[in-house]
There are 2 protein chains.
Amino acid sequence: MNEPATTFNFEETNRELVEVFTNVMWVEERALNKGPFSDLSVKEVHTIDAISMYEQKSASEVAKLIHLTPSAMTTAIDRLVEKGYVERCRSKRDRRVVELVLTHAGRVVYRAHQEFHRGLTHSLFEDMSANQINTLQRAIHSLKIYLVSLI
Amino acid sequence: MNEPATTFNFEETNRELVEVFTNVMWVEERALNKGPFSDLSVKEVHTIDAISMYEQKSASEVAKLIHLTPSAMTTAIDRLVEKGYVERCRSKRDRRVVELVLTHAGRVVYRAHQEFHRGLTHSLFEDMSANQINTLQRAIHSLKIYLVSLI
DNA sequence: GTGAATAGTTTGACAATCGAAATATAGCAT
DNA sequence: ATGCTATATTTCGATTGTCAAACTATTCAC
């Protein structure tokens, strides 16, 4: 509707998008280390995020989510347990399974990470009309679908 | 203009965006390993991308671009030289400086990586009206600005 | 109950990364 | 020219993140 009549610059927009993709992680790491969780790497935070707060998840479920082998998952969890963000509990129903739960500190990190991403999303939708929001929502969806199609 | 009148679901869109951010790298890695450059990791490809084809760049310039310490840069370049994608040349004007240049293979990877990202960008803008393209362009720009503001 | 399948851990190896110290070169001041 | 200081890169030692293969414990199918 009321967009300014600038011309589309594919190359420039592509460049910005590449910049966003290749730098989110690094920015997240920086933002993290300025805050109170400087003992955590971004990867560790993503593990905490995958464990999540509201459903019990097993080690292998989390491993699948973040595309890690079981052995890498074991050491990742070791670190997080060591640092006091996660607890291991053997499942009672199937004693092979390790259920992962966030400690209090882990839940604080989880919420902070969620907030970080809410901030990103918010910055995208800021000052947009209903129509524009719709466009954007659709674009993000097709980007996700495209990514999945590449796998 | 002609967007369907769906309601905005911030949580759902945020989730998709997080999924995109946290999985691009992994998808890129997968896409890469299916292709002819399975001897390269995504990080190595990003180093090749930062070296770029059209301007001579020094080792420290590239290190800054991808946020690596000089020492990490040295070993990253070692690998890429080893694998035949990059050449080291001592600058003639200042013999402390290492100028990096892509070999033929390196340039092929560079172009393939550019194409990968063009594909992502294209998938975002597909089937959009001029107005919608404008909205999207603006959103990406503000996202980039927001990221920079976090540093 | 026995054998196959499943969940997770251990081990050994190798990338990627950092910070500190070392090396080489440049450029300035004298 | 000589020495001092700054800059660009490398080397070294330590740590992290990762994988594959072998191993342990447990469950499931029969």
Side-chain angles (χ1 to χ4, degrees), chain A residues 22-23 25-30 32-33 37-51 56-83 85-101, chain B residues 22-23 25-26 28-30 32-33 37-51 56-101:
Chain A
T22 58
N23 287 143
M25 291 287 193
W26 178 76
V27 172
E28 212 174 332
E29 183 97 43
R30 284 284 300 249
L32 189 66
N33 288 14
F37 302 114
S38 42
D39 63 331
L40 285 170
S41 71
V42 171
K43 300 208 169 194
E44 291 173 319
V45 172
H46 285 170
T47 307
I48 288 173
D49 188 70
I51 292 171
Q56 288 278 325
K57 296 233 183 82
S58 71
S60 49
E61 280 167 348
V62 174
K64 257 183 207 116
L65 279 173
I66 59 178
H67 312 297
L68 275 188
T69 59
S71 59
M73 196 69 239
T74 296
T75 57
I77 296 169
D78 284 346
R79 272 195 310 278
L80 289 173
V81 169
E82 176 89 17
K83 294 183 184 175
Y85 294 101
V86 172
E87 275 172 17
R88 270 192 177 91
C89 311
R90 284 282 167 183
S91 162
K92 269 149 198 162
R93 291 191 303 170
D94 182 343
R95 294 171 37 63
R96 293 169 303 179
V97 173
V98 170
E99 307 275 16
L100 301 173
V101 279
Chain B
T22 58
N23 288 143
M25 292 286 195
W26 178 76
E28 212 174 331
E29 184 96 44
R30 285 283 301 249
L32 189 66
N33 287 14
F37 301 114
S38 43
D39 64 330
L40 285 170
S41 70
V42 171
K43 299 209 171 195
E44 290 173 319
V45 172
H46 285 169
T47 307
I48 288 173
D49 188 69
I51 290 170
Q56 288 277 324
K57 297 231 182 83
S58 71
S60 48
E61 280 166 348
V62 174
K64 259 183 206 115
L65 280 174
I66 59 178
H67 313 297
L68 275 187
T69 59
S71 58
M73 196 69 238
T74 295
T75 55
I77 296 169
D78 285 346
R79 272 195 312 280
L80 290 173
V81 169
E82 176 89 16
K83 294 183 184 176
Y85 294 101
V86 172
E87 275 172 17
R88 271 191 177 91
C89 311
R90 283 282 166 184
S91 163
K92 269 148 198 163
R93 292 191 304 172
D94 182 343
R95 295 173 35 65
R96 293 169 302 179
V97 173
V98 170
E99 308 274 15
L100 300 174
V101 279

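Since this is a predicted model, take the numbers as computed values, not measurements. Note on naming: letters A, B, ... go to the chains in the order of the sequence lines (proteins, then strands), and numbering restarts at 1 for each one.
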Hey, is Arg79(A) close enough to Asp39(A) for a salt bridge, meaning N to O under 4.0 Å?
->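 Not counted as a salt bridge, because no side-chain N and carboxylate O are separated by less than 4.0 Å.
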Could you give the [atom1]-to-[atom2] distance, from [X] to [N], as a whole number of Å?
{"X": "Trp26(A)", "N": "dC18(C)", "atom1": "CH2", "atom2": "C1'", "result": "16 Å"}
{"X": "Leu80(A)", "N": "dT16(D)", "atom1": "CG", "atom2": "P", "result": "12 Å"}
{"X": "Leu68(A)", "N": "dT16(D)", "atom1": "CG", "atom2": "P", "result": "16 Å"}
{"X": "Asp94(A)", "N": "dA5(C)", "atom1": "CG", "atom2": "P", "result": "17 Å"}
{"X": "Glu29(A)", "N": "dC18(C)", "atom1": "CD", "atom2": "P", "result": "9 Å"}
{"X": "Leu40(B)", "N": "dA15(C)", "atom1": "CG", "atom2": "P", "result": "14 Å"}
{"X": "Glu82(A)", "N": "dG17(D)", "atom1": "CD", "atom2": "P", "result": "13 Å"}
{"X": "Met25(A)", "N": "dG17(D)", "atom1": "CE", "atom2": "C1'", "result": "14 Å"}

Residue matched to dT16(D) through Watson-Crick or wobble contacts both under 3.5 angstrom =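 Pairing partner, where one exists within any strand: none, as none qualifies.
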Return the nucleotide paired to dA15(C): Watson-Crick means purine N1 to pyrimidine N3 with N6-O4 or O6-N4, wobble means G-U with N1-O2 and O6-N3, both under 3.5 Å.
->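 WC or wobble partner does not exist here.
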Go through the steps to decide whether Val81(A) and Glu87(A) satisfy the test side-chain contact (heavy atoms from CB on, under 4.5 Å), and finish with yes or no.
-> CA-CA 6 Å; Val81(A) 169; Glu87(A) 275 172 17; 6.0 Å; no
Any donor and acceptor pair, going by atom type alone, linking the side chain of Arg88(B) with main-chain N or O of Leu100(B) inside 3.5 Å?
->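 No; judged by distance alone, with no hydrogens or angles, the pair does not exist.
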Backbone of Leu40(A) reached by a side-chain donor or acceptor of Lys83(A) within 3.5 Å |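 Between the backbone of Leu40(A) and the side chain of Lys83(A) there is no qualifying donor-acceptor contact (under 3.5 Å).
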Within the structure, does a side-chain N or O atom of Arg95(A) lie under 4.0 Å from either OP1 or OP2 of dT27(D)?
->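 No, no such contact exists.
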Does Thr69(B) put a side-chain nitrogen or oxygen below 4.0 Å from OP1 or OP2 of dC18(C)?
->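 The answer is yes; a side-chain N or O of Thr69(B) sits under 4.0 Å from OP1 or OP2.
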Determine the minimum heavy-atom distance between Asn33(B) and Ser38(B), stating which atoms define it.
->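 It is O-CB, 3.7 Å.
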Along nucleotides 8-13 of chain C, 5' to 3', which nucleotides get a B, which get an S, and which get a -, given that the test is a protein heavy-atom distance under 4.0 Å?
-> SBB---
Going by a 90° cut-off around 0, is dA22(D) syn or anti?
->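 Classified anti.
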Hey, could you give me the CG/OG1 distance between Leu68(A) and Thr75(A), rounded to the nearest 0.5 Å?
->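 Spacing of CG (Leu68(A)) from OG1 (Thr75(A)) equals 8.0 Å.
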When the nearest nucleotide of DNA chain D is assigned to Lys43(A) and to Lys92(A) on a heavy-atom basis, which residue is associated with the more 5' position?
->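 Closest to the 5' end, via its nearest nucleotide, is Lys43(A).
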Aromatic rings Trp26(B) and His67(A): how do their planes relate, parallel, tilted or perpendicular, breaks at 30° and 60°?
->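 Ring orientation, 0 to 90° scale: parallel.
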